[in-house]
Amino acid sequence: MGHLNLPASKRNPRQWKLLDIITAIFFGLVLLFFLLVFTPLGDSMAASGRQALLLSTSDPRQRHRLVSLVELGHHHKPIEACPANSVDHMPCEDPRRNSQLSREMNLYRERHCPLPDEMPLCLIPPPPGYKIPVQWPESLHKIWHSNMPHNKIADRKGHQGWMKEQGPHFIFPGGGTMFPDGAAPYIEKLGQYIPLTGGTLRTALDMGCGVASFGGSLLSEGILALSFAPRDSHKAQIQFALERGIPAFVLMLGTRRLPFPAFAFDFIHCSRCLIPFTAYNATYFIEVDRLLRPGGYLVISGPPVQWPKQDKEWADLQAVARALCYELIAVDGNTVIWKKPDGDSCLPNQNEFGLESCDESNDPSNAWYFKLRRCVTSTSSVNGEYPVGIIPKWPDRLTRAPSRALVMKNGIDLFRADTRRWTRRVAYYKNTLNLKLGSPAVRNVMDMNAFFGGFAAALVSDPVWVMNVVPARKPLTLGVIYDRGLIGVYHDWCEPFSTYPRTYDFIHVAGIESLIKLPGSSKSRCNLVDLMVEMDRMLRPEGTVVIRDSPEAIDKVARIAHAVRWKATINDKEPESHGREKILVATKTFWKLTSSH
């Protein structure tokens with residue numbers, strides 16, 4: 001301790017440096033205090049602090065507090081915008097987050113959602129230069145470049161006719177890897193073997209679809225194809241498809257069943273989709289078989305069909321099809337076409353893949369986060385008459401009550417009443433509420449609580465397609481929707497949906513509070529604020545939302561609508577309907593990021 005008695009001039013120079021630092025910090029803090037209190041810097045820092053609160057994921061209590069303020073209408077400013085780099089954000093398909101997961105069976109490319117408390121509470125902004133999309137049907141062939149300025153596909157695939165940049169637009173010549181001259185000649189070739197006209201085939205699934213030119217071309221044949229692809233190296237392919245007005249969905253065939261019921265699709269197509277159908281004891285072929293309607297058609301173009309150096313893979317693919325008694329219709333170049341048998345396949349025949357029929361405890365239409373099964377779905381496991389050729393042709397099947405409606409008690413009567421109800425309601429929407437349904441301004445429509453698909457069926461004469469969503473915790477009525485010749489998916493609305501931002505023109509939901517509650521309970525599993533922020537993410541600027549529910553629920557929705565920057569009005573229900581419902585109609589405002597972001 002003797003060094004304390006040294007003269008000041010003899011003290012260690014290091015001590016002087018430490019004292020200088022402490023003194024500088026003190027005076028710096030005093031200066032910062034005056035700056036924050038007495039200058040505009042304090043206001044801007046407070047604003048960024050509020051932004052940090054909204055974007056923070058570290059303190060769930062702050063997030064819960066903000067949600068409560070918004071629900072009660074006590075948060076008088078709109079919810080803040082997300083950062084500029086989030087314009088294409090999909091919470092459950094975030095490559096930065098999912099890239100850390102296993103590559104086995106493409107697990108890392110499937111849905112993996114953050115917990116609600118881990119997600120920022122903010123509104124996704126449009127990209128700079130965003131314009132109201134080109135209207136249908138012109139959008140099938142061209143879209144605004146500035147709405148999704150991703151040139152990667154055009155650069156890589158332009159020579160195959162996928163898409164090209166031309167002035168302020170991307171244009172779509174209609175080509176694909178297996179049909180660079182356009183989908184029309186390719187579809188004409190398929191039409192030699194498959195009844196593509198006349199209404200026999202209606203619902204189709206296009207796997208690994210690129211920018212969905214194949215599905216877009218089928219629309220003129222009266223075939224409604226749902227196209228899917230993962231979020232992968234072909235950046236934004238599904239985003240391009242939806243901007244064009246083609247039914248599409250972000251999805252990966254990996255470790256789980258695809259979110260569709262058994263025997264949904266009349267026709268399944270893979271054009272160079274690169275799905276290893278015979279891998280893992282033919283697990284992926286078995287999943288395709290679950291989805292394909294008896295009597296339906298499977299078309300695979302590209303590898304491994306008569307492909308160089310893929311003789312074994314091609315032989316294995318044919319062996320699986322034989323084991324399931326698929327009828328080989330044709331092998332035309334690198335395209336193979338099979339027809340699925342009308343009745344049960346010839347299992348349990350001996351086969352090299354060890355394929356067996358699923359047991360009776362397996363519900364083949366249970367497909368929300370359901371692990372893939374290595375067993376074959378028997379037609380007898382689903383009640384009803386649904387094979388291609390037996391089910392009525394399109395458009396008769398739209399209004400004919402399918403036997404799968406008996407998944408509900410008195411299902412046939414319920415189906416007919418539901419069809420009448422939605423015909424009446426949609427007429428009221430158009431004639432009294434003056435909604436844009438039926439106009440060129442509306443192409444991509446979502447029904448968030450579709451039940452039997454009555455809302456979509458009432459729009460059949462309009463130039464729209466409808467994504468019918470059946471909540472995963474409600475009765476599994478999606479098979480009825482497909483039997484009608486409509487399309488849709490299972491989903492749990494306590495999670496974000498698998499689509500890009502700004503992909504729907506019109507979102508409809510009847511009974512919004514039921515989407516967040518436990519079945520048969522008043523207890524909520526999640527909150528309306530997060531749900532409406534997600535609806536805002538999916539909705540295009542100037543798009544429309546229609547929400548039907550009790551007056552109490554609609555009051556709550558109206559408060560949140562203000563916070564997500566929607567312009568909303570509350571309307572009476574149509575006079576013929578019973579109950580206490582109110583109808584909220586809202587328009588998403590077209591706002592843009594300010595330079596401060």
Side-chain angles (χ1 to χ4, degrees), residues 67-76 78-79 414 417-438 442 445-459 466 468-469 471 474 493 504-536 538-539 542-589:
V67 165
S68 296
L69 289 172
V70 171
E71 282 186 328
L72 294 169
H74 296 163
H75 185 76
H76 300 299
I79 293 172
L414 271 178
D418 188 69
T419 300
R420 290 192 299 270
R421 181 184 304 118
W422 282 109
T423 301
R424 189 171 66 239
R425 288 177 173 181
V426 167
Y428 180 75
Y429 288 173
K430 292 178 177 179
N431 301 331
T432 303
L433 300 186
N434 297 317
L435 301 184
K436 296 176 184 175
L437 290 166
V442 176
V445 178
M446 175 183 283
D447 186 357
M448 293 173 59
N449 191 14
F451 189 47
F452 283 155
F455 171 70
L459 298 176
V466 182
N468 292 284
V469 182
K474 293 198 173 193
W493 285 113
Y504 285 89
D505 301 300
F506 191 106
I507 297 178
H508 178 268
V509 52
I512 191 169
E513 281 208 313
S514 72
L515 304 183
I516 64 169
K517 293 193 184 301
L518 289 164
S521 167
S522 60
K523 186 176 173 61
S524 294
R525 300 181 296 121
C526 51
N527 66 75
L528 278 178
V529 176
D530 282 329
L531 178 56
M532 289 176 63
V533 166
E534 171 61 7
M535 292 167 69
D536 183 80
M538 298 188 293
L539 191 65
E542 298 187 5
T544 302
V545 176
V546 174
I547 301 173
R548 306 177 64 103
D549 214 322
S550 68
E552 297 79 15
I554 291 297
D555 284 345
K556 190 185 295 186
V557 165
R559 291 193 292 269
I560 302 169
H562 174 73
V564 295
R565 311 190 196 198
W566 298 350
K567 290 181 179 174
T569 59
I570 298 175
N571 305 271
D572 291 331
K573 67 181 186 332
E574 50 285 325
E576 306 93 339
S577 291
H578 303 296
R580 301 172 54 245
E581 280 186 324
K582 292 283 188 181
I583 303 171
L584 179 133
V585 178
T587 302
K588 177 175 174 173
T589 55

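Below, each value reflects all heavy atoms present in this structure, side chains not excepted, and no hydrogens, waters or symmetry copies.
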Cut-off 3.5 Å, no hydrogens considered: what does the side-chain donor-acceptor table look like for residues 511-521, sequence neighbours left out?
unit_1	atom_1	unit_2	atom_2	d
Glu513	OE2	Lys556	NZ	3.3
Ser514	OG	Lys474	NZ	2.7
Ser514	OG	Gly511	O	2.6
Lys517	NZ	Ser522	O	3.2
Lys517	NZ	Ser524	OG	3.3
Ser521	OG	Lys523	N	2.9

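- Listed here is the closest heavy atom pair of Ile554 and Lys582: CG1-O, 3.7 Å.
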Inset, instruction - Just do the side chain to side chain contact (heavy atoms under 4.5 Å, CB included) check on Val585 and Leu435 with the steps written out, would you? - result: CA-CA 9 Å; Val585 178; Leu435 301 184; 3.6 Å; yes

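- Distance check, rounded to the nearest 0.5 Å: OG1 of Thr544 to CG of Leu539 gives 7.5 Å.
- Remark: Asp418 pairs with Arg421 by the salt bridge (charged side-chain N to carboxylate O under 4.0 Å, His left out) rule, at least two apart or across chains.
- Contact detail for Val67 and Val529: the closest heavy-atom pair is O-CG2, 3.8 Å.
- Between Met532 and Val557, the shortest heavy-atom contact is CE-O, 3.4 Å.
- Residues Asp530 and Asn527 come closest through the heavy atom pair N-OD1, 2.7 Å.
- Annotation: side-chain hydrogen bond (donor to acceptor under 3.5 Å, both in side chains) contacts of Glu534 (sequence neighbours excluded): Arg537.
- For the pair Leu528 and Glu71, the tightest heavy-atom approach, listed with the atom from each and the gap, is N-OE2, 3.9 Å.
- Annotation for Ala510 and Asn449: closest pair O-ND2, 2.8 Å, computed over non-hydrogen atoms.
- Remark: the backbone N or O of Lys573 is not paired with any side-chain donor or acceptor of Ser577 at under 3.5 angstrom.
- Applying the ring pair (Phe, Tyr, Trp, His ring centres under 6.0 Å) test to Phe506 and every residue at least two apart in sequence or in another chain returns nothing.
- In this structure a side-chain-to-backbone donor-acceptor pair under 3.5 Å is missing from Trp493 to Pro471.
- The distance from the CG atom of Asn571 to the CD atom of Glu581 is 12.5 Å, given to the nearest 0.5 Å.
- Partners of Tyr429 according to the ring pair (Phe, Tyr, Trp, His ring centres under 6.0 Å) rule, which considers only residues two or more places apart in sequence or in another chain, are His508.
- The side chain to side chain donor-acceptor pair (under 3.5 Å) contacts involving residues 559-568 comprise Asp536-Trp566, where partners must be two or more places apart or lie in separate chains.
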